[in-house]
Visitor: 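Quick one: this structure, given as structure tokens, is what I'll be asking you about.
These numbers come from the heavy atoms of this one structure, side chains and all, not from hydrogens, waters or symmetry mates. Residue numbers begin at 1 in each chain, while the letters A, B, ... track the order of the sequences.
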There are 2 protein chains.
Amino acid sequence: MQKIGLKTAEIEKKTHLDFFNIAISVDCVIFGYENKKLKVLLIKSDLKEFEGLWSLLGDLVRPDEDMEEAPYRVLRERTGLQNVFLEQVHTFGRLNRHPSGRVITTAYYSLVDTKSHAIQLTENELHWHNINDIEKLAFDHKLILNTCLNRLREQVMEHPIVFNLLSEKFSLRELQDLYEAILGVELDRRNFRKRIMLKNWLVDLNEMEEDVPHRPGKLYKLRSQLKKNNRPNVDRLMSL
Amino acid sequence: MQKIGLKTAEIEKKTHLDFFNIAISVDCVIFGYENKKLKVLLIKSDLKEFEGLWSLLGDLVRPDEDMEEAPYRVLRERTGLQNVFLEQVHTFGRLNRHPSGRVITTAYYSLVDTKSHAIQLTENELHWHNINDIEKLAFDHKLILNTCLNRLREQVMEHPIVFNLLSEKFSLRELQDLYEAILGVELDRRNFRKRIMLKNWLVDLNEMEEDVPHRPGKLYKLRSQLKKNNRPNVDRLMSL
DNA sequence: GCAAAAGTGTTTCACATACACCCATGC
DNA sequence: GCATGGGTGTATGTGAAACACTTTTGC
């Protein structure tokens, strides 16, 4: 330790640099759905401080990319997925939230189809975890996860987004199971169907489920106008 | 310009520093209410690039403060206001959104009582502007303002927050005028009263308006349990 | 024929909306 | 007494919620 009062140029410089030495990262809460369970994609933390704990996928924002681009890059680099649904949720900037320095992070949530062949879990440090089985995560990632899950729950009945978690064709029962997994409640089948049909989100494909050990249900898909990609349209907002 | 290939240590260092040289700021959309108009507090931009334009109040996040603290500090330093309502809305990180370097900014909106004696517009560069009269702002602040205004409009019927814009005692007519100013629509008086009473947010003070040139209205105040301060309770979220 | 899930309709309640008249006060 | 806004009730429509029986298929 250096004594106080001996403020060298080196220290002066360090102090000054410190002021600008806040790094910014993005963290992605990547939701998936399988076996009637809502899942989240996590990676083993590589930090000694969090040995054995799982963490969200994230990375520092690069100096030459728009911040909105960073979570798309993270998903592309880590899972191979492109054109996914992503939405910014909240920015977390508690002092000491990161053990190796001052890092402020912006959280995004993503909805992906786990059956997509594009998804590469090759690194083998990536795993899907049941939302309900998650106890402790590295950093403040449990808080981030909870915040994103709450946001997802708020959005799900208002906007046609859950379809990003399903294959293109699905039955109403599958859709209802998905809503139940997200919201964590049971829903009445008749009321659910009425409500979902009223929104006019679905197209009846005039096809039936196959290879099910019971009466097959009708198949639907999302109305194609609603499949807009999610990247924010800045021009539109500017003109408001 | 230096030729490529001649990468000096100086350049190496600069490149490396660049990577971490993203500054983070907070910008506050401070809403007020006066003369039946929703207002926002703006400051004359001191940047040559934005000469003559107004901008939001903001500042860099300090290396030794929680990010959530920064907007409270900005309000305290610039207006003298404390214990205000503040809510984080969105983080904006477009490349080149700031002319003097890479700055990512987190936007907060605040609701303050313009009649509060604490508020100091002393610097005289601060002025309240009617929301509807704002055309162009410095940086991407028009986008930030629109985003915050949309968020405010989403929140007002769900949460008892608009009371931060009013004095402690108010009549239902004042409250309705305020809602109309925020939402930009006219409301039916009878239906508005029923709806607001149903929420059980108000306490009848058994007092009447005074010095009004017409039949005085009853005065109400916000139920005191709802006057919770707005600072996020991290512990509660962590335990979810 | 049986197990398993698909499909469907009615009633009730809460809340949103549309709408018009009398009342209390200051001047 | 008149101008100004305060205060109130009813009828109608829409969506949410509760609730049970018949149908179709694979086995």
Side-chain angles (χ1 to χ4, degrees), chain A residues 33-37 153-160 162 166-167 169-221, chain B residues 33-37 153-160 162-163 166-221:
Chain A
Y33 175 66
E34 216 166 26
N35 282 60
K36 306 194 180 188
K37 302 278 187 198
R153 286 175 172 163
E154 286 166 17
Q155 303 270 314
V156 120
M157 290 311 298
E158 313 297 325
H159 305 282
V162 297
L166 289 177
S167 326
K169 304 177 179 185
F170 49 85
S171 67
L172 288 180
R173 160 58 65 183
E174 286 177 279
L175 188 60
Q176 183 178 341
D177 284 341
L178 172 53
Y179 271 98
E180 290 177 346
I182 291 173
L183 298 173
V185 296
E186 290 205 349
L187 302 171
D188 178 86
R189 191 160 81 247
R190 283 164 294 187
N191 293 336
F192 174 78
R193 284 163 186 242
K194 270 180 289 186
R195 198 146 42 122
I196 214 77
M197 286 311 188
L198 211 56
K199 293 191 190 295
N200 206 25
W201 288 346
L202 302 185
V203 179
D204 185 342
L205 287 168
N206 288 313
E207 291 179 54
M208 292 295 188
E209 286 180 302
E210 284 172 21
D211 302 321
V212 287
H214 54 75
R215 173 174 173 182
K218 291 171 93 171
L219 291 176
Y220 296 82
K221 70 181 177 83
Chain B
Y33 175 66
E34 217 166 23
N35 283 62
K36 305 193 179 186
K37 303 277 186 198
R153 286 176 172 162
E154 287 167 17
Q155 304 270 312
V156 279
M157 290 313 296
E158 313 297 324
H159 306 283
V162 300
F163 307 97
L166 290 176
S167 325
E168 193 181 352
K169 303 176 178 187
F170 49 85
S171 67
L172 289 179
R173 160 57 68 182
E174 287 175 280
L175 189 58
Q176 183 179 340
D177 284 342
L178 172 54
Y179 270 99
E180 289 178 348
I182 291 172
L183 297 172
V185 295
E186 290 203 348
L187 302 171
D188 178 86
R189 191 160 82 249
R190 284 165 294 188
N191 293 335
F192 175 77
R193 284 164 186 243
K194 269 179 292 185
R195 197 146 43 122
I196 214 78
M197 286 312 188
L198 211 57
K199 292 191 189 293
N200 207 24
W201 288 346
L202 302 185
V203 179
D204 186 341
L205 287 169
N206 289 314
E207 292 179 56
M208 291 294 187
E209 286 181 300
E210 286 172 21
D211 302 321
V212 287
H214 55 75
R215 172 175 173 183
K218 291 172 92 169
L219 292 177
Y220 296 82
K221 71 180 177 82

Visitor: Please report the C-alpha distance between A:K218 and A:E207 in whole Å, then the side-chain angles of each, then the deciding distance to 0.1 Å, and finally whether the side chain to side chain contact (heavy atoms under 4.5 Å, CB included) criterion is met.
Guide: CA-CA 6 Å; A:K218 291 171 93 171; A:E207 291 179 54; over 6 Å; no

Visitor: Using whole Å, report how far CD of A:E186 lies from P of D:dA17.
Guide: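 Atom CD in A:E186 sits about 15 Å away from atom P in D:dA17.
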
Visitor: Taking atom CG of B:L166 and atom CG of B:L178, what is their separation to the nearest 0.5 Å?
Guide: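 Interatomic distance, B:L166 CG to B:L178 CG, rounded to 0.5 Å: 5.0 Å.
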
Visitor: B:F192 CZ to C:dC15 P: how many Å, rounded?
Guide: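 The distance from CZ of B:F192 to P of C:dC15 comes to 17 Å, rounded to the nearest Å.
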
Visitor: Closest-nucleotide mapping onto DNA chain D: is B:E209 or A:K199 further toward the 5' terminus? I mean the 5' end.
Guide: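 Per heavy-atom nearest nucleotide, the more 5' residue is B:E209.
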
Visitor: Rounded to whole angstrom units, what separation is found between the CG atom of B:N206 and the P atom of D:dG7?
Guide: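 Result: 12 Å.
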
Visitor: Tell me the interatomic distance from A:H214, atom NE2, to C:dG7, atom P, rounded to whole angstroms.
Guide: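 For the pair A:H214 NE2 and C:dG7 P, the rounded distance is 10 Å.
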
Visitor: Report the residue (A:K218 or B:R189) whose heavy-atom-nearest nucleotide on DNA chain C is the more 5′ of the two.
Guide: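 Its nearest nucleotide being more 5', the pick is A:K218.
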
Visitor: Take atom CD1 of B:I196 and atom C1' of C:dC15, then tell me their distance rounded to the nearest Å.
Guide: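 One finds 14 Å between C1' of C:dC15 and CD1 of B:I196, rounded.
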
Visitor: Grab the CD-P distance between A:Q176 and C:dA4 for me, whole Å please.
Guide: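 Result: 18 Å.
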
Visitor: To the nearest Å, how far apart are A:F170 CZ and C:dA6 P?
Guide: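 Checked: the CZ to P distance equals 14 Å.
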
Visitor: By the definition side chain to side chain contact (heavy atoms under 4.5 Å, CB included), identify the one residue from A:D177, A:L202, A:L205 that meets it with A:F170.
Guide: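 It is A:L202; the other options fail the test.
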
Visitor: Find which nucleotide of DNA chain D each of A:L198 and B:K194 is nearest to by heavy atoms, and output the residue with the more 5' nucleotide.
Guide: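 Per heavy-atom nearest nucleotide, the more 5' residue is B:K194.
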
Visitor: Between the base of D:dT4 and the side chain of B:R215, is one N or O donor paired with an acceptor at under 3.5 angstrom?
Guide: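 It does not, because no donor-acceptor pair links the side chain of B:R215 to the base of D:dT4 below 3.5 Å.
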
Visitor: Given the structure, check if the side chain of A:R190 and the base of C:dA6 hold any donor-acceptor pair shorter than 3.5 Å.
Guide: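 Per atom types, no contact qualifies.
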
Visitor: Ignoring backbone atoms, establish whether A:R193 has a side-chain N or O less than 4.0 Å from OP1 or OP2 of C:dG7.
Guide: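 Yes, within the criterion.
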
Visitor: A:E174 pairs by side chain to side chain contact (heavy atoms under 4.5 Å, CB included) with which of A:K36, A:K169, A:E209?
Guide: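 When A:K36, A:K169, A:E209 are each tested with A:E174, the side chain to side chain contact (heavy atoms under 4.5 Å, CB included) holds only for A:E209.
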
Visitor: B:D188 has an atom CG; how far is it from atom C1' of C:dC15, in whole Å?
Guide: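 Taking CG of B:D188 and C1' of C:dC15, I get 14 Å after rounding.
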
Visitor: For B:E180 and B:L187, indicate whether the former's side chain and the latter's backbone hold a donor-acceptor pair under 3.5 Å.
Guide: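 Flag set: sc B:E180 to bb B:L187 pair under 3.5 Å.
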
Visitor: Check this one for me: any side-chain N or O of B:R173 less than 4.0 Å away from OP1 or OP2 of D:dG6?
Guide: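 The answer is yes; a side-chain N or O of B:R173 sits under 4.0 Å from OP1 or OP2.
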
